[in-house]
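For reference, the structure is listed below as structure tokens.
We count ligands from 1, going down the list as the structure has it; atoms in each ligand are counted the same way. The model shown is predicted, which means the values in this text are computed figures rather than measured ones.
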Amino acid sequence: MKRLALHWQILAALVLATLTGVVFRTLFDGQAPDGTLVAKALGLSQFIGDLFMQALKMIIVPLIVTSVISGIASLQGVKGFGRLGAKTFGFYAMSSLVAVVTGLLLVNLIQPGLVDGEPNEVIRQAFDTKAAEATDAERAKVAAANAKEPKDFLDTIKLMVPENVFSAATNNGQMLGVIVFSLLFAIAITRLPAAEMKTLKEFFQAGNDVMITVTRWIMAISPIGVYALMFPVIFKNGPDVFAEMAKYFGTVLAALGIHLLITLPLVLSFIAKVSPRAHFKAMREALLLAFSTASSSGTLPVTMRCVQDNAGVSKRTASFTLPLGATVNMDGTALYECVAVVFVAQVMGIQMGFGEQFVVVTAALLTSIGVAGVPSASLVAILLILKNSNVPNAETAVVALLAVDRLLDMARTAVNVFGDSCAAVVIAKSEGERVLEDAPA
Ligand code: ASP
């Protein structure tokens, strides 16, 4: 019998986790007191989910290093590199800007934080209740972010030149330093005498092949990992999460939907001249994984594989655009930050004029560059922008948003990953590569 394709297996795991999560939630009223069977099942699920996430994260550093070095060392010197860099950054800046503006338009149009033009008191109270119900870990996370000196754009630039590349590699938030170091290393390889250059290129190419094989192994167990990640999420987040904030959830999801299903497909059709449907098909596994893990960094190995194996983007383009994209390009996150900040301001009775909203847009664009590709990372940036805009009770609001963040996080992470993959395709096409030509439309 033919084995079910992996993306169907992952989808089946998602559906099964949702069904069993809902059944268990209904049976046990969403409660799992210590020592009960359901608490043990949740614990086991969490454990397996953590193992799966760790396995994905385990391969990120060696994968980035080997793929960036082997991909870039094959470029024709620094000239080709500069062109690729300019195109990539240009695309990332433009697509994030369009995403943020989409979010801004919708949040102003729908006004999820107001009723009849007045701040919504029910949501304000819901903020307090949800903040009070938040777990200690959630509260501690926001408190720590609140106490920290804000990281600005210059700090992000500083991360590009780590004092110690090994400590940057061990610190999740500093992947940018690892990428820049690998780029330098790769460019330096192209300056070596031919024999040495060949040895190093082959070494890193072989290393990269090894990492791709390990990625395949990890992906083979991804349906189990996805089930384990999703089951506790569904168990813990009942429909009551959406009750007061339905309009806010609707606004975020609609804006993300427009970016994912209209804006980016238009870019694919008109700029790259490829079939958006074929590209969605090529990216199925990565999209499902991004959705289930809410981590674009964790999804990176699979994004790279889908973009190269299914969409047909060359290693040189994929290895430049994607690791960088997973670190600095987050369309969904930038859009979300903008909607969340304006929403909280509406609830708190702060009227944001054009000038203030312009500041929010700029801040969302700049901070999304520094947000790590891990679950709920953007909440820290949202707190920063709210404080910067002098919105009162920012900390309570952010704790409340964090408590109900998972679904929105899953959705924006999928958009983040899809945005990166579109950049890879557009840039590959502009470099004359034959992308998605053999894929069925
Ligand atoms: N979870 C998102 C990602 O990994 C980041 C965020 O918006 O919180 O891309």
Sidechain N-carboxylate O distance under 4.0 Å for Lys130, Glu133: no
Sequence neighbours excluded - side-chain hydrogen bond (donor to acceptor under 3.5 Å, both in side chains) pairs with any residue from residues 371-386: Ser376-Asp405, Ser378-Arg412
Residue from Glu433, Glu431, Gln308 passing side chain to side chain donor-acceptor pair (under 3.5 Å) with Ser314: Glu433
With Asp420, the side chain to side chain donor-acceptor pair (under 3.5 Å) member among Asn329, Thr299, Thr303, Thr327: Asn329
Set of residues satisfying side-chain contact (heavy atoms from CB on, under 4.5 Å) with respect to Arg284, sequence neighbours excluded: His7, Lys281
Sequence neighbours excluded, every pair satisfying ring pair (Phe, Tyr, Trp, His ring centres under 6.0 Å) that has a member inside residues 387-429: His279-Phe418, Phe280-Phe418
Between ligand 1 and the protein, find all N/O pairs closer than 3.5 Å and give the distance for each.
| unit_1 | atom_1 | unit_2 | atom_2 | d |
| --- | --- | --- | --- | --- |
| ligand 1 | 1 (N) | Ala294 | O | 2.9 |
| ligand 1 | 1 (N) | Val374 | O | 3.1 |
| ligand 1 | 1 (N) | Asp409 | OD1 | 2.7 |
| ligand 1 | 1 (N) | Thr413 | OG1 | 3.1 |
| ligand 1 | 4 (O) | Ser296 | N | 2.8 |
| ligand 1 | 4 (O) | Ser296 | OG | 3.2 |
| ligand 1 | 4 (O) | Gly373 | O | 3.2 |
| ligand 1 | 4 (O) | Val374 | N | 3.4 |
| ligand 1 | 7 (O) | Thr333 | OG1 | 2.6 |
| ligand 1 | 7 (O) | Ser378 | OG | 3.0 |
| ligand 1 | 7 (O) | Arg412 | NE | 2.7 |
| ligand 1 | 8 (O) | Ala377 | N | 2.9 |
| ligand 1 | 8 (O) | Ser378 | N | 3.0 |
| ligand 1 | 8 (O) | Ser378 | OG | 3.1 |
| ligand 1 | 8 (O) | Arg412 | NH2 | 3.1 |
| ligand 1 | 9 (O) | Ser296 | OG | 2.6 |
| ligand 1 | 9 (O) | Asn416 | ND2 | 2.8 |

